[in-house]
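Here the structure comes first, spelled out in structure tokens, and everything after it is commentary.
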Amino acid sequence: MKRVTIKVKVKDIDEFEKRVKDINLEFEPTLYQHDRVYVPRGYQRGMNLPRLVMRTEMSSVDKPAIYKLILKRHIEDSGIEITDRSVIRDYTEIVNMIHQLGFVLATEVSRRRRRIKLSDTSRIYLDKVDKLDSYYVKIETALEEKDKVSEVMSDLKRTLKLFHLSSKEISQESYFEMLKKSDIIDSKNNAF
């Protein structure tokens with residue numbers, strides 16, 4: 001599935017949540033997600049290479065976890081992200097297959113995610129990622145054949161304004177890239 005996604009850091013979480021209520025929107029229950037992000041050897045941002053994500057998702061401790069394999073591929077010059085996902089049964093077997101394909105573990109991302117369904121094709125996510133100090137809002141829309149990326153991006157930016165969030169704050173980095181960058185900074189700080 002092709003998607004257009006924007007992500008911004010939330011400067012004031014209380015203000016954001018108040019705005020959600022003022023617009024009469026409501027979050028679904030919190031999901032707990034843990035992603036193990038795998039990349040091809042030699043992966044670099046901007047190369048349009050795929051990432052594979054093994055996701056463990058829980059809605060509560062009294063319900064079984066759901067395991068998903070997710071393929072993500074961001075096409076830099078188009079603004080499109082290709083995302084395909086499938087629920088899996090044998091986590092270990094799929095991880096072995098990922099390694100056999102030559103992918104390596106880049107990092108792990110744990111987060112609490114709250115979701116608002118805006119339409120059949122659009123969602124807002126409020127994410128609190130472990131090891132990152134802020135909340136992030138992601139808004140994504142699935143592309144249909146008739147859609148133009150520039151028009152969808154403009155709609156997403158207008159949606160940001162509804163929540164008093166600035167399109168100047170849009171981050172192009174994925175959570176795994178943010179965490180890798182913070183790991184590098186932490187290892188440099190701990191080296192002395």
Side-chain angles (χ1 to χ4, degrees), residues 1-9 31-58 65-113 115 117-118 120-132 136-153 155-157 170-185 187:
M1 175 177 292
K2 294 179 180 178
R3 301 177 190 268
V4 175
T5 303
I6 58 174
K7 175 175 54 235
V8 298
K9 184 187 282 190
L31 290 174
Y32 301 91
Q33 297 176 332
H34 182 81
D35 292 351
R36 297 181 82 195
V37 181
Y38 294 87
V39 296
R41 286 182 176 84
Y43 177 91
Q44 291 180 352
R45 181 175 177 75
M47 294 177 65
N48 298 332
L49 294 173
R51 300 184 312 267
L52 293 173
V53 178
M54 286 296 297
R55 176 169 293 164
T56 302
E57 187 172 271
M58 293 182 64
I66 297 171
Y67 303 105
K68 297 177 183 177
L69 174 63
I70 303 166
L71 174 129
K72 291 188 174 202
R73 186 171 178 208
H74 185 76
I75 310 301
E76 291 287 331
D77 58 351
S78 71
I80 294 173
E81 182 172 84
I82 297 169
T83 306
D84 293 299
R85 63 188 75 216
S86 183
V87 174
I88 60 167
R89 291 186 184 166
D90 191 332
Y91 188 99
T92 305
E93 188 67 26
I94 298 299
V95 169
N96 286 335
M97 291 169 69
I98 289 169
H99 286 290
Q100 290 298 316
L101 289 169
F103 284 71
V104 294
L105 180 63
T107 195
E108 298 188 36
V109 179
S110 293
R111 74 176 146 260
R112 293 181 307 278
R113 170 169 277 180
R115 179 176 78 166
K117 183 178 177 182
L118 295 176
D120 288 340
T121 59
S122 297
R123 309 280 186 276
I124 295 176
Y125 301 103
L126 177 63
D127 291 332
K128 179 60 180 107
V129 178
D130 292 358
K131 299 182 184 176
L132 295 178
Y136 290 85
V137 168
K138 280 179 67 172
I139 306 174
E140 69 179 26
T141 296
L143 285 178
E144 297 178 18
E145 289 300 318
K146 63 179 175 46
D147 292 336
K148 293 184 180 174
V149 174
S150 60
E151 292 173 4
V152 172
M153 185 62 78
D155 286 345
L156 294 178
K157 289 177 180 179
I170 292 174
S171 172
Q172 299 300 321
E173 291 182 306
S174 65
Y175 293 135
F176 104 86
E177 290 167 324
M178 290 178 188
L179 287 168
K180 288 299 284 182
K181 190 185 299 183
S182 78
D183 285 348
I184 290 168
I185 292 168
S187 66

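Bear in mind the structure is a predicted one, so any value in this text is a computation, not a measurement. When a residue number appears, it is its place in the shown sequence, counting from 1.
Interatomic distance, D35 CG to L52 CG, rounded to the nearest 0.5 Å: 12.0 Å. Taken from CD in E81 to CG in L143, the straight-line distance is 11.0 Å, to the nearest 0.5 Å. The line from CG of L49 to CD of Q44 is 9.0 Å long, rounded to the nearest 0.5 Å. Taking CG from L179 and OG1 from T107, the interatomic distance works out to 5.5 Å, rounded to the nearest 0.5 Å. Within the model, atoms CG of L71 and OG1 of T83 stand 8.0 Å from one another, a figure rounded to the nearest 0.5 Å. With rounding to the nearest 0.5 angstrom, the CE atom of M153 is 8.0 Å from the OG1 atom of T5.
In this structure a side-chain-to-backbone donor-acceptor pair under 3.5 Å is missing from K117 to T121. Put simply, the side chain of K7 gets close to the backbone of E173: a donor and an acceptor are under 3.5 Å apart. Under the 3.5 Å distance criterion, the side-chain polar atoms of R41 are matched with a main-chain donor or acceptor of G102. At distances below 3.5 Å, at least one donor-acceptor pair connects side-chain atoms of K180 with backbone N or O atoms of A106.
The ring-ring contact (aromatic ring centres under 6.0 Å, His included) analysis of residues 66-85, with sequence neighbours excluded, yields the pairs Y67-Y91.
Screening K68, R112, R111 for a side-chain hydrogen bond (donor to acceptor under 3.5 Å, both in side chains) involving Q33 leaves a single residue, R111.
At most 12 heavy atoms of other shown residues, nucleotides or ligands fall within 6.0 angstrom of atom CE in M97. For K128, the NZ atom sits in a packed shell: over 12 heavy atoms of surrounding residues, nucleotides or ligands are nearer than 6.0 Å.
For the residue pair S122 and T141, a side-chain donor N or O sits within less than 3.5 Å of a side-chain acceptor on the partner.
Taking 4.5 Å as the limit, every side-chain heavy atom of Y38 sits out of range of all side-chain heavy atoms of L101. Contact check for R115 versus L31: no side-chain heavy atoms found under the 4.5 Å cut-off. Inter-residue side-chain proximity for V53 and L69 is flagged as unmet; no heavy-atom pair is nearer than 4.5 Å. Side-chain contact between R113 and K138 is present, with at least one heavy-atom pair separated by less than 4.5 Å.
Of all heavy-atom pairs between P40 and P50, the closest is CD-O, 3.2 Å. Nearest heavy atom pair, residue S171 against residue M178, reads OG-CE, 3.3 Å. Between N48 and I75 the shortest heavy-atom distance is OD1-CA, 3.5 Å. Between A142 and M1, the shortest heavy-atom contact is CB-SD, 3.6 Å.
Residues forming a side-chain contact (heavy atoms from CB on, under 4.5 Å) with D90 (at least two apart in sequence, or on another chain): T92, E93. Taking the side-chain contact (heavy atoms from CB on, under 4.5 Å) definition, one finds that D155 meets it with R158, sequence neighbours left out.
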- Task: Show your reasoning for whether side chain to side chain contact (heavy atoms under 4.5 Å, CB included) applies to K157 and I170.
- Result: CA-CA 9 Å; K157 289 177 180 179; I170 292 174; 3.9 Å; yes

